[in-house]
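Report on the structure given below.
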Amino acid sequence: MYEILSKLPIVKQSRQGKVRDMYDLGETVLMVTSDRISAFDVVFPEPIPGKGIILNQIAAYVFKNTSGIVPNHFITDKMEEYPADFQPYKDYLEDRSMLVTKLRMIPVECIVRGYLTGSAWNEYNYSGTIGGEPMPPDLKENQKLPQPIFTPSVKVSEGHDINISYQELLNHMDQFIAEFLRDKSLALYDYGHNYLLSKGIILADTKFEFGTKEGAIFLADEALTPDSSRFWDLEAYNSGKGALSFDKQIVRDYLESIGWNKRPPAPHLPSEIIEQTLAKYREICDIFLGDHS
Ligand SMILES: Nc1ncnc2c1ncn2[C@@H]1O[C@H](COP(=O)(O)OP(=O)(O)O)[C@@H](O)[C@H]1O
Ligand SMILES: [Mg+2]
């Protein structure tokens, strides 16, 4: 599964996330997006063939088009600009990798929600709040929120994320940084929501990660991909058919349907779930890249 790691000469400096393989080059990192899929923080045995290329291309597009909102870690995704060590692996690396600025990551998932779904819907049902903030009564599942809300979460040691309120975030860090993360995340959500709405897609919610270097804050990791976002079909949503998804929701729904306890080992994914997921990821990629894909 992790075949590429053993092929590259700089293995010992690498680290592996659930989806991305990171090759540490000192000031920069080669970020390679594999075809692995994770849900509920567990990686599945089956890859989704070609998924890494889709995610990498979407993220590259978003980084290139949002640097006016906030600077980001993207340097290049042109193979010929990569260090010589990587050139023999062109067949694998092309389109699924990018060279990025190495950052000290801020350990906060910067989630923005424009619609009431997922864990925010659970929280609202339980306490009438979202991200700890009181909300109007009688909101419905999947409803558009009066305005997009920043709901950060932090990793706890066992790998799972816990939601914290903006007030709690302020206890963890400098007010300037917390405000920056909130305001830039909301601005990036607005960009994504407006862009996709014009193409018939609703960006229901999404997650960003940021990192720092020499006192500056950069957008990092991936951005506006189907792994990090919920995308819904606008027409289906407007006609009351609910949230027809173009993202990992297909996998999550399958896992709920088989009653998996969300603890490792991950169950096998049937081939039709893999194919459906890939088809939806492709549609989103085509929407982002249009004629440029
Ligand atoms: N520019 C960067 N510099 C250093 N680390 C980064 C950068 N961008 C992303 N990362 C980190 O690299 C990892 C990417 O791999 P991924 O598979 O997404 O990991 P995870 O399992 O944590 O989701 C994440 O831990 C992310 O925080
Ligand atoms: Mg990740």
Side-chain angles (χ1 to χ4, degrees), residues 1-5 8 10-11 13-45 47-48 51-60 62-64 66-67 70-77 81-83 92-93 96-112 152-162 172-173 177 181 184-185 188 205-230 247-248 251-252 262 264 266 281:
M1 186 149 107
Y2 305 142
E3 69 291 346
I4 190 70
L5 279 176
L8 288 173
I10 36 188
V11 168
Q13 293 164 306
S14 308
R15 59 173 285 258
Q16 189 168 59
K18 290 187 291 292
V19 172
R20 270 159 279 277
D21 300 324
M22 310 293 279
Y23 297 97
D24 188 336
L25 304 172
E27 294 292 301
T28 61
V29 174
L30 189 78
M31 189 167 82
V32 184
T33 309
S34 75
D35 291 338
R36 299 190 290 275
I37 187 159
S38 75
F40 305 112
D41 277 331
V42 176
V43 179
F44 288 82
I48 310 274
K51 167 178 174 280
I53 292 177
I54 292 172
L55 295 184
N56 188 68
Q57 289 186 328
I58 295 173
V62 172
F63 290 137
K64 286 174 198 167
T66 61
S67 58
V70 59
N72 62 62
H73 68 170
F74 181 86
I75 299 171
T76 182
D77 55 359
E81 294 172 11
Y82 293 178
Y92 181 73
L93 295 176
R96 70 163 71 240
S97 60
M98 59 175 80
L99 197 64
V100 302
T101 305
K102 185 163 87 180
L103 302 172
R104 179 189 293 267
M105 296 303 288
I106 301 173
V108 176
E109 311 252 288
C110 295
I111 301 165
V112 180
S153 76
V154 287
K155 281 227 175 321
V156 288
S157 51
E158 286 307 302
H160 286 287
D161 294 342
I162 52 162
H172 282 284
M173 60 180 60
I177 301 175
L181 297 184
K184 295 302 181 187
S185 299
L188 289 164
D205 53 35
T206 193
K207 180 228 33 168
F208 303 104
E209 292 182 27
F210 295 83
T212 63
K213 180 172 177 157
E214 291 157 9
I217 307 176
F218 298 82
L219 175 64
D221 204 53
E222 61 183 331
L224 300 180
T225 73
D227 267 13
S228 64
S229 316
R230 284 194 176 90
D247 55 57
K248 238 161 51 174
V251 174
R252 291 195 204 100
K262 299 176 190 168
Y281 273 49

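Just follow the structure's listing: the first ligand is 1, and inside any ligand the first atom is 1. Note that the numbering runs from 1 along the sequence shown for the chain.
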Ion pair D24/R15, N-O distance below 4.0 Å: no
With side-chain contact (heavy atoms from CB on, under 4.5 Å) as the criterion, how do M98 and N56 come out once you've worked through the C-alpha distance, each side chain's angles and the decisive distance to 0.1 Å? CA-CA 8 Å; M98 59 175 80; N56 188 68; 3.4 Å; yes
Salt bridge (charged side-chain N to carboxylate O under 4.0 Å, His left out) involving D247 - partner list, sequence neighbours excluded: none
Run the side-chain contact (heavy atoms from CB on, under 4.5 Å) test on L99 and E81 for me, step by step, so that the C-alpha distance in whole Å, both residues' side-chain angles and the decisive distance to 0.1 Å come before the verdict. CA-CA 9 Å; L99 197 64; E81 294 172 11; 6.0 Å; no
Tell me, with the steps shown, if I106 and E209 meet side-chain contact (heavy atoms from CB on, under 4.5 Å). CA-CA 7 Å; I106 301 173; E209 292 182 27; over 6 Å; no
In chain-and-number order, ligand 1 lies under 4.0 Å from a heavy atom of each of R15, G17, K18, V19, R20, M22, H73, V100, T101, K102, L103, M105, E209, A220, D221
Using side chain to side chain donor-acceptor pair (under 3.5 Å), reason through S97 and Y82 one step at a time and then give a plain yes or no. CA-CA 10 Å; S97 60; Y82 293 178; 2.9 Å; yes
